Asks: 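Input: one structure, supplied below.
Reminder, nothing fancy here: chain letters follow the sequence lines and each chain counts from 1. On a predicted model such as this, the values are computed, not experimentally measured, just so you know.
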Amino acid sequence: MLRSHTCGELKFEDVNKEVTLTGWVQKVRDKGGLIWIDIRDRYGITQLLLEDGRSDSEVVKTARQLGREYVIKASGKVIERVSENPNLATGRIEIDLTGLDILNSSITPPFTIEDDTDGGEELRMKYRYLDLRRQPLRKNLELRNRLSIETRKYLDDQKFFEIETPYLIKSTPEGARDFVVPSRMNEGQFYALPQSPQTFKQLLMVAGYDRYYQLVKCFRDEDLRADRQPEFTQIDCEMAFVEQDDILSTFEGMVKYLFKTVKGIDIPELPRMDYADAMKFYGSDKPDIRFGMKFVELNDVAQNKGFKVFDDAELVVGFVADGCAEYSRKQLDKLTEFVKKPQIGAKGLVYVKCNEDGSFKSSVDKFFDQDALKSWSDKISAKSGDLLFVLSGEKDKVRKQLNELRLEMGNRMELRDPNVFAPLWVVDFPLLEWDEDSKRYHAMHHPFTSPKPEDISMLDTKPGEVRANAYDLVINGVEIGGGSIRIHDRDLQKLMFKHLGFTDEEAQDQFGFLLNAFEYGAPPHGGIALGFDRLTALFGGQDSIRDFIAFPKNNSGRDIMIDSPSIIADDQLDELNLKVTV
RNA sequence: GGUCCAGUGGUGUAGCGGUUAACAUGUCGGUCUGUCACACCGAAGAUCGCGGGUUCAAUCCCCGUCUGGACCGCCA
């Protein structure tokens with residue numbers, strides 16, 4: 001080793017030790033007679049001291065050649081500082097330098113390597129290896145590392161078995177777009193990268209590995225978001241001989257364990273909310289339950305009073321924002337503008353101020369008298385000083401719109417504290433979802449999800465109302481994971497494929513291996529997959545997963561550091577029998 | 001596929017139809033024996049993303065384009 005210690009570990013007790021440190025030059029403070037050098041590695045920062053006249057003149061000379069990010073080896077004696085720095089872990093000591101070697105020089109980095117860097121996002125991505133030297137990024141990756149270790153510990157304790165599944169698999173048309181990989185040895189044929197190891201983990205259940213897990217990369221060729229990358233990591237799990245409750249309690253245990261060991265937070269029992277209630281009371285299948293503002297439906301008190309907009313609506317629904325009756329016209333206009341944005345698409349926003357004197361002031365005073373407004377306020381359990389928001393329209397749309405407004409108000413009222421964690425299970429998802437484009441139902445979760453036995457009879461008559469044994473883990477309004485009890489019966493699986501519009505031939509062609517496997521004693525099984533990047537970002541208190549991934553892609557799916565994707569050479573294309581047409 | 005925002009010294013920003021293009025930070029030189037966001041003095045550093053248009057005059061206004069970011073669609 002070139003060093004005896006790291007830059008983060010020397011303490012007052014180490015005074016008088018002869019040490020050698022290696023690292024990068026964070027900063028040189030040359031006061032003329034005294035020179036301080038901050039040396040940094042991933043463990044911390046230690047201050048080195050030189051005194052002109054007393055220290056070795058060659059060492060002083062070397063020190064004066066140093067620039068930011070030079071790599072150095074520094075030797076000397078640990079001494080107590082004359083003036084301590086309480087902000088630094090090593091702030092009580094410094095190294096009285098007797099030796100200094102430049103191991104490598106550095107050109108001036110394009111941005112400052114500090115917690116609060118001056119670098120913009122694009123530049124930091126281009127020089128990601130420099131950005132990763134910064135403490136905030138390092139802390140994020142440390143958090144990720146810690147979470148992966150604790151995840152493995154928990155699952156190992158629960159007798160889960162980590163098994164790797166292949167990355168070069170078979171493309172299927174269901175679900176997200178596949179990334180494909182041309183096969184050189186099989187002309188004109190392609191592998192696909194897995195969107196998830198779904199079928200493999202089910203085959204492992206058939207094989208008898210009754211508790212499987214894997215921290216695994218998954219790939220989806222869809223547009224990116226702050227919380228979506230084309231390659232991402234899942235904690236992928238599957239269990240055999242279980243029912244839904246067994247899976248929920250096992251992974252509720254994991255959630256609690258991770259919060260306890262990594263964040264020191266005790267999480268109480270996770271509430272379970274069925275999908276229908278989540279939509280009804282929060283307008284979302286991933287409700288943020290850190291705060292209230294539950295929806296209240298107002299059809300019976302708000303309709304048939306002559307306000308055509310409400311009378312014509314399928315649903316009139318609102319919520320109360322505590323203590324916001326003082327909102328100004330300007331603020332209310334802003335919120336109206338917000339819900340009318342094309343991405344949200346509401347036609348307008350009705351508000352009712354519950355004044356301190358017991359009177360009401362609304363945007364629809366023309367149509368509703370004080371008694372009518374009071375009936376709304378009573379129904380919605382508002383107090384004086386509160387503000388009601390009401391939207392109306394087609395049920396599904398208006399719920400979605402009101403959800404956006406609720407989250408916006410949650411932000412404005414600072415009710416979405418990143419240090420508060422409110423996990424819950426959303427259960428009883430619909431099995432099927434109508435798709436306007438293809439004019440058919442498709443699986444809401446995936447085609448291997450089992451319907452609730454009592455709902456199977458509705459598959460033919462009311463397919464949209466069939467519920468699945470499917471569940472999501474939601475924390476702070478973020479979908480962290482989802483899973484289901486799978487179908488393990490060949491006939492039921494075939495029936496499902498039929499309802500999803502597959503012919504027998506298509507089902508056999510694409511999933512024959514699974515249907516065949518189900519002939520050989522498939523146990524009842526189910527599982528879950530958690531988004532590891534999202535979980536890490538959530539623990540780190542951020543919405544974007546990018547800074548919790550060492551080398552992420554940008555908005556357009558590009559890695560601007562290595563400049564990928566890129567074109568490939570003609571002979572490479574020839575070998576793969578590919579022709580590029582753009 | 002769509003909507004919105006941004007692009008100005010190395011970096012982050014300000015700015016304005018006519019400017020010596022401002023500020024901070026970084027860089028370089030100097031002074032300084034207790035700094036740690038060191039301080040102070042001085043210097044260098046910008047075809048204002050690219051192309052076209054309007055105008056006597058464009059970094060500024062308009063159109064296009066590229067790049068980046070946020071979002072909708074999409075994400076079984």
Asks: For A:Trp36 and B:U35, are the ring centres under 5.5 Å apart with planes inclined under 30°?
Replies: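 Yes, aromatic ring over the base.
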Asks: Looking at B:U25, B:G68, B:C72, which one has an atom nearest to any side-chain atom of A:Thr112?
Replies: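 So the side chain of A:Thr112 is nearest to B:U25.
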Asks: From the set B:U33, B:G34, B:C38, return the single nucleotide nearest to any side-chain atom of A:Gln47.
Replies: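 My answer, after comparing the listed nucleotides, is B:G34.
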Asks: Judged by each residue's nearest nucleotide on RNA chain B, which is more toward the 5′ side, A:Glu122 or A:Asp223?
Replies: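 Residue closer to the 5' terminus by nearest nucleotide: A:Glu122.
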Asks: Of all the nucleotides listed (B:G69, B:U3, B:C75), which has the minimum atom distance to the side chain of A:Gln343?
Replies: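 It is B:U3.
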Asks: Using the six-membered ring wherever Trp is involved, compare the ring planes of A:Phe502 and A:Phe497 and label them parallel, tilted or perpendicular (cut-offs 30° and 60°).
Replies: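 Ring orientation, 0 to 90° scale: tilted.
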Asks: Can you tell me whether the side chain of A:Asp30 and the base of B:G30 have a donor-acceptor pair closer than 3.5 Å?
Replies: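 Not at all, since no donor on one side and acceptor on the other fall under 3.5 Å apart.
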Asks: Between A:Asp435 and A:Asp38, which has a closest nucleotide on RNA chain B that is more 5'?
Replies: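 First, find each residue's nearest nucleotide; the 5'-ward one identifies A:Asp38.
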Asks: Taking the minimum atom-to-atom distance to the side chain of A:Lys27, which one of B:U35, B:G26, B:G68 wins?
Replies: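 Of the options given, the side chain of A:Lys27 lies nearest B:G26.
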Asks: Does the B:C36 base have a donor-acceptor partner in the side chain of A:Arg81 within less than 3.5 Å?
Replies: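 It does, because a donor-acceptor pair links the side chain of A:Arg81 to the base of B:C36 below 3.5 Å.
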Asks: Could you check whether A:Leu123 gets within reach of a base, just the sugar-phosphate, or nothing at all, counting any heavy atom under 4.0 Å?
Replies: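 Sugar-phosphate contact only - A:Leu123 comes under 4.0 Å of backbone atoms but never of a base.
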Asks: Compare the minimum distances between each of B:G34, B:G10, B:G73 and the side chain of A:Leu34, then state the nucleotide with the smallest one.
Replies: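 So the nucleotide nearest the side chain must be B:G34.
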Asks: Just call it for A:Gln229: base, sugar-phosphate, or nothing, with non-hydrogen atoms closer than 4.0 Å on any strand.
Replies: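 Nothing, no nucleic acid heavy atom in range.
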Asks: Would you please confirm or rule out a distance under 4.0 Å between OP1 or OP2 of B:C75 and any side-chain N or O of A:Lys286?
Replies: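 Result: no.
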Asks: Side-chain N or O of A:Arg29 versus OP1/OP2 of B:A37: is the shortest distance under 4.0 Å?
Replies: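 No, outside the criterion.
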Asks: Above 12 or not: heavy atoms from other molecules or residues under 6.0 Å from NZ of A:Lys395?
Replies: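 No, the 6.0 Å shell around NZ holds no more than 12 heavy atoms from other groups.
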Asks: Hey, does the side chain of A:Arg546 come within less than 4.0 Å of B:G69's phosphate (OP1/OP2), counting only N and O?
Replies: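 For B:G69, OP1 or OP2 has a side-chain N or O of A:Arg546 closer than 4.0 Å.
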Asks: Does the Lys NZ or Arg CZ of A:Arg92 fall within the cation-pi geometry relative to A:Phe12 - under 6.0 Å from the ring centre and within 45° of the axis?
Replies: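 Pair A:Arg92/A:Phe12 counts as cation-pi.
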Asks: Does A:Arg558 contact B:G68 through a side-chain donor or acceptor facing the base, at a distance under 3.5 Å?
Replies: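 Side chain to base: no pair below 3.5 Å.
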Asks: Under 4.0 Å between a side-chain N/O of A:Ser556 and OP1 or OP2 of B:G68, yes or no?
Replies: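 Answer is yes, contact under 4.0 Å.
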Asks: The side chain of A:Asn554 is closest to which nucleotide in this list: B:G26, B:C75, B:G69?
Replies: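 Among B:G26, B:C75, B:G69, the one nearest the side chain of A:Asn554 is B:G69.
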Asks: Which nucleotide, B:G68, B:C71, B:C38, lies nearest any side-chain atom of A:Lys31?
Replies: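 The listed nucleotide nearest to A:Lys31's side chain is B:C38.
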Asks: Where the side chain of A:Arg177 is defined as all heavy atoms beyond and including C-beta, which of B:C38, B:C74, B:C71 is the nearest nucleotide?
Replies: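 The answer is B:C74.
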Asks: Just to be sure I understand the rule, does A:Glu114 reach a base, reach only the sugar-phosphate, or reach nothing, if contact means heavy atoms closer than 4.0 Å?
Replies: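 Result for A:Glu114 = nothing.
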Asks: B:A70, OP1 or OP2 - any side-chain N/O from A:Asn555 closer than 4.0 Å?
Replies: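 Answer yes for this pair, as a side-chain N or O of A:Asn555 is under 4.0 Å from OP1 or OP2.
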